[in-house]
Q: 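Sharing a structure with you now.
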Amino acid sequence: MPSTLSRTRRDMREIYQDHLKTVYRIAFTYMKNTYDAEDAVQETFVRLIRSETGFADREHEKAWLIVTVSNVCKDMLKSRKRTEVSLDEQSGLPAPASEPNAVLEAILALPDLYKTAVYLFYCEGYTAREIAAMLGEKPNTVMTHIRRARGLLKKSLGGDFHA
Amino acid sequence: MRNRAVIAAYSGIDLDEKQAEMLWQSIETESRRPRRAETTEIPMPGGKGRRLARTLLLAAALTALLTAGAFAAEFFGAKSVIIPQSVGEQQFGHLDDEGNIVEEDSENSAALSMTTVYEGTEEVMDWQERAAAAMEEWEAYRRPRLEALRESDSAEYQRVQSTMGSFGDYPYFYGVWDDEGAAKLREIADNHGLKLRVLRENRIKMEGDSDEAMMEALSSQVCDGRLCTADLRVDHYMVYETGAFQLSADVKQPDGRRLAFYLCTTAYDEMISDYTVGGLVVQDFTDLVTRTYTAVDGTELTVMQNDHQAFAFAYLDDYYLTMSMNISAWRDELPAPGMTAEQINAITEKDFSLDEEAVNAALDAFCFSAIGKGGAA
């Protein structure tokens, strides 16, 4: 009996549509511009297509993508040894919506170590334990990262950030 | 500005439909090209050049997966089924209504395993002991092999990393990665008189799938007749060669909220561990109230419940059954691509209180006694 975990190309497109936003947002927080973020997203999904990875369920699938895109970004940043580009020089920043981009700038300025955990905690609603399981960290380490990130955001945003 | 500002800031990071489509096209094109070298040599601290896999965290995650006693389990499973390693002091963090982080320590946290039996008949406990012994033997074989593979830092290790512990139809909690290991795993299981929890079908609800069709497909494999009489919203199910299965779904309550549950059965001769399917995390087990409940179909269940979580278990004829329950974060409307943080927040459930009546009603909807009777099991 063939593995029911194998994916067809149509499945891949559905996976892409389901998780693009999450994968792209994580990529953007690392790469800080649209172009590199898109490269990271492309690399992540290409790896998925090429791999024979089977997933137990949708959460497993999502977690694989989150871990992979985080690593792809870190690898891109290291291998390129690129100098951080100031936010003003970037053309790929999303246009401000209802909130000023000060918050986004503060998020992008967080150490890479904290970025994935912060995104998963605030935006995806994962608990520290779930994030820890996903990233292979201890729950207390994850909580420390989130706590420190919160402190940095407070420092960056001053009185605008109450947590 | 509250922490919702953080969520709102992230919501500004998005691709429009055209960009997303162009990116997909480039992914498709790139995926058809010949593979590039998969690793990059990067000098690491300590002066020793090491091959840095592109997936350092993936390795960490894999290590966690492949290390018995660590998180293992279906750790990427339904969010309610992520488990702690043991009973003991744990730190919990969650967002309050204002989006602020609330941290709490609990000395009384616990995980209620969905496959481990804490008390049972002599036969049941004998199975548990044999399963534990088999898993220990398997780990004693597997760990050194994995360590050697990791040390070799070979392309094979990269492949193993990319599979996240899945191999063929073997669920990843076994941590098999090649035919040799699979053969050994089978040998160990046979020697202990156990069967492997090998996947027969893993079905995730996709666009166009109907809940009814999915439940029919599941029922036809695991029981005689209908598994559930209520209209469920199915997320996914898995069926194993032993006839055991897992079902993630939710059911609408009279007040519009939805009760989410994860149902798991385990054959009494399966090779499993505490972490095979994970368990229900309970922040403070001292507030769990334990009771027995006889469902409409006559099955007697033990129910452990506090004001927002419930865990039920029963000894069926051929399977150990567990079911974790809580109120779903979503009612009828689910988050959809393109929704803003505010829109998502607006449809997020605010009331997670769970009472006995809701739990009993959910249990009454199932035909537990039909499980393992007929079907393809």
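Sequence lines set the chain letters: A, B, ... in the order given, protein chains first and strands last, and positions in each chain run from 1.
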Q: Are any side-chain N or O atoms of A/Y16 and backbone N or O atoms of B/A20, one a donor and one an acceptor, separated by less than 3.5 Å?
A: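 Yes; judged by distance alone, with no hydrogens or angles, the pair exists.
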Q: Identify the heavy atoms of A/R25 and B/D14 that sit nearest to each other, and give their distance.
A: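 Closest pair (atom of A/R25, atom of B/D14, distance): NH2-OD2, 4.3 Å.
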Q: So for B/E17, is it side chain, backbone, both, or neither that comes closer than 4.5 Å to the heavy atoms of chain A?
A: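 It is neither, since no heavy atom gets under 4.5 Å.
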Q: If you round to the nearest 0.5 Å, how far is CD1 of B/I13 from CD1 of A/I26?
A: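 Here the interatomic distance stands at 10.0 Å.
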Q: Does a side-chain heavy-atom distance below 4.5 Å link B/I27 with A/T44?
A: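 Answer no - side chains too far apart.
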Q: If you round to the nearest 0.5 Å, how far is CZ of A/R13 from CD of B/E21?
A: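 One finds 4.0 Å between CD of B/E21 and CZ of A/R13.
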Q: Given that the side chain runs from C-beta out, which part of A/V118 has a heavy atom under 4.5 Å from chain B: side chain, backbone, both or neither?
A: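 When you check distances to chain B, atoms from both the backbone and side chain of A/V118 fall under 4.5 Å.
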Q: Flag the pair A/Y122 / B/Y10 as yes when their ring centroid distance falls below 6.0 Å, and as no otherwise.
A: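 No, too far apart.
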Q: Given B/W24 and A/M12, is the side chain to side chain contact (heavy atoms under 4.5 Å, CB included) satisfied, shown in steps?
A: CA-CA 10 Å; B/W24 172 249; A/M12 286 295 176; 3.9 Å; yes
Q: Is there side-chain contact between A/E38 and B/Q19, with at least one heavy-atom pair below 4.5 Å?
A: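 Result yes, sub-4.5 Å side-chain heavy-atom pair found.
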